[in-house]
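Model, not experiment: these values are computed from the prediction. So that the names make sense, note that chain A is the first sequence line, chain B the second, and so on, each numbered from 1.
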Amino acid sequence: VLVSEVKVLPVLLKNLQDPEYLFSDQISTILSNLSRHEKTCRTVFKVLQDEVGLPKLVEILCNESYNKKAKLHYLGPLLSNLTQLPEARSYIMDPDRCVIQRLLPFTQYEASVTRRGGVIGTLRNCCFDHSHHEWLLSDNVDILPFLLLPLAGPEELTEEENEGLPVDLQFLPEDKKREEDPDIRKMLLETLLLLTATKAGRQALKQKNVYPVMREFHRWEKDVYVAAACEKLIQVLIGDEPEQGMENLLEVEIPQDVEEKLQEAHTKEQEELGKEEERLRREEEEKKKCEQTD
Amino acid sequence: MASTDVQDDSDDGMDAFMDKFKSQRYKNAFSEKNWEQEFNKIPMFMKTAPEEIDPKQYPELACLQSIIHDEDRPPEEQAQSLKDEGNAYFKEKNYKNAVVAYTAALKKCGDQELNAVLLTNRAASHFHLGNMRSALNDAAAAKKIKPDHLKALIRGAQCCMELRNFSGAVQWCDEGLKAHPTDNKLRELRATADKHKRAAERDARKAKAKEKKLHGEKEALLGAIKERGIKLFQPMNSCPEGSEGEGDDECPSAGIAQLNLDTLSSLEVTGAQVFLDEQGTLHWPVLFVYPEHQQTDFISAFCENNSFGDHLSVMFGEELPPWDTDRKYHPQNLQLYFEDEENETLYQVDPNMSLIKILQHKRYFFTILGNVDWYWILILVLNSSFMKFKQSV
């Protein structure tokens, strides 16, 4: 299968670049599927680099009207899959270029859940590299507002809280809507959580008043899984600083038995969340029944 | 140096010439005083060039100029030397002359490459002169000729920034980054422009929110006034026809309808305004007029639940005002009236009634007189001569 792929890919990629090509959407979905698993992803990436180059792919993705006949939304997930490879990530986060900055506005791209989700997935993968966190949170990229905006709502915060917020989150209009897709909301929260791995990151998020935004978000959130992710983030934001030597949460060494316990706890949590969800669903149904009989 | 006569080729002449130096004094030598001046006249040693070159004073310079600007030279060469001239002026920060030079060069030049450079340079000169629009135009023209000309792209973005067109600046940077993806200056410019753009968006949202809040407050105020059934009257806008009888009721409401938020804003001009406090009580500015002594007192925030009696006992209770020469203005001697403008009568006011009840009097119209709107009230001494005067009217 791999071998035949290699022959097919160059052709696909060449057509993808053609702004007039009719089937570019299908190509995008094919590529997106092919790049899901690491091994095939590597192949796709290699051919991509040879034929098209990652820069061009990003350019096409960021240009809404590249191909009048195809939407090309699936380039989002394609990019997201590609960023599981460190080479792809290091290109996207190249400090001498302006690549990731172009992707940021797409966190609120309303026209397509797929593209939006793909971009956010890309950002999340990038945040696994904590060596880049400082740069990502700096003015050169300023990733934070773009992650928070989809989670922010129209609620008014106190003047003090408002002052500390990033500029893009101040004075949001009354009709501000939050991200509709719960999976995307969860991804955003995971990304934010990743950014709290380093001490500098935690400080940055605390300073920029991420907590009040999360507080309001938690009040609004109905999905149990997303709420749980939110709670984890809040916990880090309001909790104490970890002890010396453990400042980088992603690098902390977890002893075997602790790891096992954590895994157990996680499974248990997931079970409980599932039950909670069931309970809520049943409540909703009960409510509906009551309303019908009245 | 000393000008020489026609030189002889013969050695004799030379020898004789050389002998002269031994005997004659050197004429026209530089002295301590004038050597700097003299040096300055020589083109090669000039520190600064004179603005205008008078051929009589500076013959050598004039010569050089005419060589440079010789019309017979091919136009590219002319353009090139004009460009050099412009660059020289630019270095000296003489941007005005630089523009002139570049413009002249552009006229001569046919080569597009050179044109792009000239336009970019001229753009830079305009930029430093503060002529942002001209600079932007030049940069755009340069970009048209050579879309990847880095300096033009940077300059264009900078001009947009100065003109506060931050989205434009970002666009210029993006175009630039397409051609020069790793250029630091472009990248930094873009980050700055983006930041300013988002700050400007925030400021716009802030202004809108403020305006909305103000609007809401005014509406609440208007609502409270209407709720209390206080009639409003605007003398400028005459009531519609049929203002007798039922018209009486219509007229006030027409008055109210016309009292829109714009006229309420005139309240702020005077500094004294009706306002609604947190408990939902209105406070009114009230002018006390004492026609007998031609004095006035002004209370800027008269709570509607208070009565005049309350205020009078404070104002006239302990000490009588200095203008009350007859010492008659004791609270119990005072009578209060408000004027019914339409009927031109005075209505007496019970000092123990709260302000709100008085305002609700069916013949009381809260008048908006141009920029001034406050409730005004006449205060007179009981049985005074003025009263008799009023009654006779």
Side-chain angles (χ1 to χ4, degrees), chain A residues 53-64 66 90-108 135-146 148-149 152 154-159 162-176 208-209, chain B residues 143 147-148 150 153-158 160-161 164-220 278:
Chain A
L54 198 48
K56 183 81 186 171
L57 181 66
V58 176
E59 196 191 303
I60 299 177
L61 175 61
C62 292
N63 182 355
E64 251 188 283
Y66 184 82
S90 58
Y91 170 73
I92 298 219
M93 293 199 280
D94 186 347
D96 290 331
R97 290 166 184 272
C98 184
V99 188
I100 195 173
Q101 293 92 329
R102 291 185 203 287
L103 295 171
L104 294 176
F106 285 91
T107 58
Q108 296 152 81
W135 177 73
L136 286 171
L137 289 167
S138 76
D139 277 351
N140 286 326
V141 181
D142 206 13
I143 195 176
L144 189 60
F146 296 93
L148 284 177
L149 265 174
E155 299 90 4
E156 258 192 61
L157 300 174
T158 73
E159 232 182 276
N162 206 20
E163 293 281 303
L165 284 174
V167 161
D168 310 73
L169 283 118
Q170 291 180 13
F171 303 106
L172 290 174
E174 283 174 351
D175 53 1
K176 170 79 175 58
K208 297 255 173 91
N209 277 11
Chain B
K143 177 164 74 107
D148 61 352
L150 184 59
L153 291 160
I154 294 180
R155 187 63 60 190
Q158 284 172 330
C160 284
M161 289 283 284
R164 298 192 74 77
N165 176 3
F166 301 118
S167 327
V170 172
Q171 261 180 322
W172 274 85
C173 289
D174 280 340
E175 271 194 63
L177 284 165
K178 255 197 205 148
H180 305 269
T182 51
D183 186 79
N184 284 347
K185 189 98 197 192
L186 277 174
R187 212 173 11 91
E188 279 167 16
L189 259 177
R190 187 189 190 274
T192 320
D194 197 53
K195 195 169 172 187
H196 279 116
K197 181 175 102 166
R198 280 146 54 194
E201 283 168 3
R202 186 270 314 257
D203 291 337
R205 288 198 301 268
K206 188 174 180 178
K208 207 169 169 196
K210 198 172 175 185
E211 202 193 298
K212 206 158 180 203
K213 190 173 168 205
L214 216 60
H215 188 92
E217 280 173 7
K218 283 190 194 160
E219 291 231 317
E278 278 161 11

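- Heavy atoms closer than 4.5 Å to chain A are found nowhere in B:K208, neither backbone nor side chain.
- The side-chain heavy atoms of B:L177 and A:Q101, taken from C-beta on, include no pair separated by under 4.5 Å.
- Take A:F106 and apply the ring-ring contact (aromatic ring centres under 6.0 Å, His included) test, not counting sequence neighbours, and it matches A:Y109.
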Under the criterion side-chain contact (heavy atoms from CB on, under 4.5 Å), I'd like the reasoning laid out for A:L165 against B:R202: C-alpha separation, chi angles, the key distance, then a yes or no. CA-CA 11 Å; A:L165 284 174; B:R202 186 270 314 257; over 6 Å; no
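- Distance check, rounded to the nearest 0.5 Å: CZ of A:F146 to CZ of B:R198 gives 4.0 Å.
- Applying a 4.5 Å heavy-atom cutoff, the residues of residues 54-64 of chain A that approach chain B are A:E59.
- Residue with the most contacts toward chain B among A:D142, A:V99, A:N140: A:D142 (heavy-atom pairs, distance under 4.5 Å).
- Contacts from residues 186-196 of chain B to chain A, taken as heavy-atom pairs separated by less than 4.5 Å, involve B:R187, B:R190, B:A191, B:K195 in sequence order.
- Closest approach of A:V167 to B:R205, counting heavy atoms only: O-NH2, 3.0 Å.
- Residue pairs meeting the ring pair (Phe, Tyr, Trp, His ring centres under 6.0 Å) criterion with at least one partner in residues 169-192 of chain B, sequence neighbours excluded, are absent.
- For A:Q108, the CD atom is densely surrounded, since the number of other residues' heavy atoms within 6.0 Å is greater than 12.
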